[in-house]
Amino acid sequence: MEFLDLPQLLSAAGTVRLPGSKSISNRVLLLAALADGETEVRDLLASDDTERMLDALQALGIGVTHLGGENWKIVGCGGAFPVKQAELFLGNAGTAFRPLTAALALAGGDYVLKGVARMHERPIGDLVDGLRQLGADVSYLGNEGYPPLHLKPATIRPDGVVSVRGDVSSQFLTGLLMALPLTGQTVAVDVVGELISKPYIEITLATMARFGVVVERDGWQRFTVRAGSRYVSPGTVYVEGDASSASYFLALGAIGGGPVRVEGVGRDSIQGDVKFAEALAQMGAIIETGPNWMTACAPQGGLIAVDLDCNHIPDAAMTLATAALFAKGTTTLRNIASWRVKETDRIAAMATELRKIGAVVEEGADFIKITPSTARPAAIDTYDDHRMAMCFSLAAFATPLRINDPKCVAKTFPDYFERFATVTRAAPVIAIDGPSASGKGSVAARVAAALGFAYLDSGALYRLTALAAQRAGIAWDDEAGVAAIAAGLDVVFTGEDIRLAGVLVGDAIRTEDISAGASKVAALPAVREALLFRQRVFNTLPGLVGDGRDMGSVIFPRAVLKVFLTATAEARAERRYKQLIEKGFSANLPDLLADLQQRDARDSQRSVAPLRQEADARLLETTQLTIEQAVKQVLDWYSEASS
Ligand SMILES: O=C(O)C1=C[C@@H](OP(=O)(O)O)[C@@H](O)[C@H](O)C1
Ligand SMILES: C=C(OP(=O)(O)O)C(=O)O
């Protein structure tokens, strides 16, 4: 599985131009397709969900032209889709599936609508019940009440009033309302049960109005579409930035200092999720808004927990769940039962993953309560849910972590993590590599002490793996066996002390035997892979000095400073010789030199993580330098690199 490892974050600031709103994009596309005339759609969201809608419209015979960038031309069909028989795949896009079901059920064709497996677990029965009241012929191809669906031509006989349940998803009402002009009659829709996610209905009404259809309404109870209502292209339509996508960046500013500014959505937005900014303000964040921008900064004393009804912001509320990790007290998000029927069961997923990083979580049928605690690194599963991936990126302010399957963000925000990287700063890493006996370990440890940073001796991890394998009776060339040992290595570093399975290791990892074993196991790709995350979780605040092979190339490619520290083989042999003699061991200089030369050759030639100076590493030649001089040079380079 693909993953993305995030270091612990230090701060967030900057500006993000948001991608287009998913909710507006897919509504505009459908209404442009149903309208009379051509519509130019500007700033359309480019993501999986909009691609599903564009593909579907094309399959239905609608003229769809990409004008370049985020701009598209849609040639409306005046209410009659040219293609009367089609099988459509709508992925996991609720904003494509529900509205297309309604429009196609009234369109007089024969259509099969399918999605991904999860879409087939997301309810649609309330919408189908509403459509059947109009005479639509809709049947379930799988489970009753769920996609896939078969829609057949039928005599549509609107008899004035249709009722639809609104307490599972507002998209059912949205779908019905958008489709009603196709009946040509006056139809009123009565909402049964408490309508959830109300602001999305406002988006629907505003978008329909933009295309010339004004819905009469009686509060949230009854909506009426008059006979003769027809969609007419307004010419050009601009799509606002996505307010739900804005939530991640505003939260970053509120946690990581800020200011973080989002552009494309603000006070004048028609999206309900702009109210997320108010929720963040209740947590203490400093929020400013303009007509089409918002900024967030962290409050002096830190965020505070809130107890909120989040029914009006079901998507952005997920962002509050991970922001809660940084708030003093217990945050309660209420009235969010709809989370359970979205991309995944979001209440369960959120609770499971928050617990992995140490939070105390209580969940109920329609609420979640989060109390932060000391965070610990974890690999976060994302359940093919874009919002899980984006929400948990915030948790990196608490701990380094791994996001599994990060590309699931493509549903609504394909380049989310690239944008995330532009507004966040991670805890710094100084990566030091170099040949054996170059003194890089001593230099690295002293640099770490001087800066108050943590120190990671990656070589020690390989030695510990070799030792643990030996103790478990696993041969060093048994790649799978040793990798399993590496993955489960129970190791704790405390300053100079290393504990393996709770027991102090001492010099047990410094013997010649274990050195040879470390060299062997370190050449096994599966072992290196297993130790990758183990090493990356050392990337915490205030910073890290990492010493060892491929520190700068593989483990910490974004290190602020990379140093290749070396000395001639003769100088290194002499240093090693002196060390041994000082410790009272006997040693032979020519043998030490020959050993080192052999080791260099082996390390340089191996295929996995060979010894070499990376292009972006600075060369520190220490043959003529004292250790103090070498340390000073690294510190000077670091202050240069971090200024
Ligand atoms: O109509 C819309 O554009 C949406 C409505 C909401 O769904 P529910 O009404 O099912 O809560 C929201 O979660 C979804 O992402 C988009
Ligand atoms: C619930 C969501 O999507 P959908 O439009 O598929 O319902 C979402 O984007 O969070």
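In listed order, ligands and their atoms are each counted from 1. Counting begins at 1 with the first residue of the sequence. Please read all numbers here as calculations on a predicted model, not as lab measurements.
If you check which protein heavy atom lies closest to atom 7 (O) of ligand 1, you get Lys342 NZ, 3.3 Å. The shortest contact between atom 1 (O) of ligand 1 and any protein heavy atom is with Arg27 NH2, 2.6 Å. Protein heavy atom nearest atom 9 (O) of ligand 1, with residue, atom name and distance: Ser170 OG, 2.5 Å. Atom 10 (O) of ligand 2 has as its closest protein heavy atom Arg387 NE, 2.6 Å. Summary of contacts: the protein heavy atom closest to atom 16 (C) of ligand 1 is Gln171 NE2, 3.4 Å. For atom 7 (O) of ligand 2, the closest heavy atom belonging to the protein is Arg122 NH2, 2.6 Å.
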Atom pairs and distances, donor-acceptor, side-chain atoms in residues 91-107, under 3.5 Å, two or more places apart:
unit_1, atom_1, unit_2, atom_2, d
Asn92, OD1, Arg122, NH1, 3.1
Thr95, OG1, Asn26, ND2, 2.9
Arg98, NH1, Gln171, OE1, 2.4
Arg98, NH2, Pro123, O, 3.0
Thr101, OG1, Phe97, O, 2.7

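Between Lys411 and ligand 2, at least one pair of N/O atoms sits closer than 3.5 Å. Any N or O atom pair closer than 3.5 Å counts here, and Gly94 shares at least one such pair with ligand 2. The distance criterion of under 3.5 Å between nitrogen or oxygen atoms is met by Asn92 with respect to ligand 2. Taking any N or O of Arg346, backbone or side chain, at least one lies under 3.5 Å from an N or O belonging to ligand 2. Inclusion of Glu343 in the set of residues having an N or O under 3.5 Å from an N or O of ligand 2 is warranted.
Close approach of ligand 1 to Ser169 (heavy-atom distance below 4.0 Å) involves ligand atoms 8 (P), 9 (O), 10 (O). Atoms of ligand 2 lying under 4.0 Å from at least one heavy atom of Lys22, given by number and element, are 2 (C), 3 (O), 4 (P), 5 (O), 8 (C), 9 (O).
Using a 4.0 angstrom heavy-atom cutoff, Met318 does not count as in contact with ligand 2. The shortest heavy-atom distance from His386 to ligand 2 is under 4.0 Å.
The side chain to side chain donor-acceptor pair (under 3.5 Å) search around Thr330 returns Thr371, not counting sequence neighbours.
When the shell of 6.0 Å around NZ of Lys407 is examined, it contains 12 or fewer heavy atoms from other residues, nucleotides or ligands.
The six-membered or imidazole ring of Tyr416 lies near that of Phe249, with a centre-to-centre distance under 6.0 Å.
Interatomic distance, CG of Leu90 versus CD of Glu51, reported as 12.5 Å (0.5 Å rounding).
Counting heavy atoms under 4.0 Å from ligand 1, residue Ser197 touches it through the side chain alone.
Here the side chain of Ser244 pairs no donor or acceptor atom with the backbone of Ala316 at under 3.5 angstrom.
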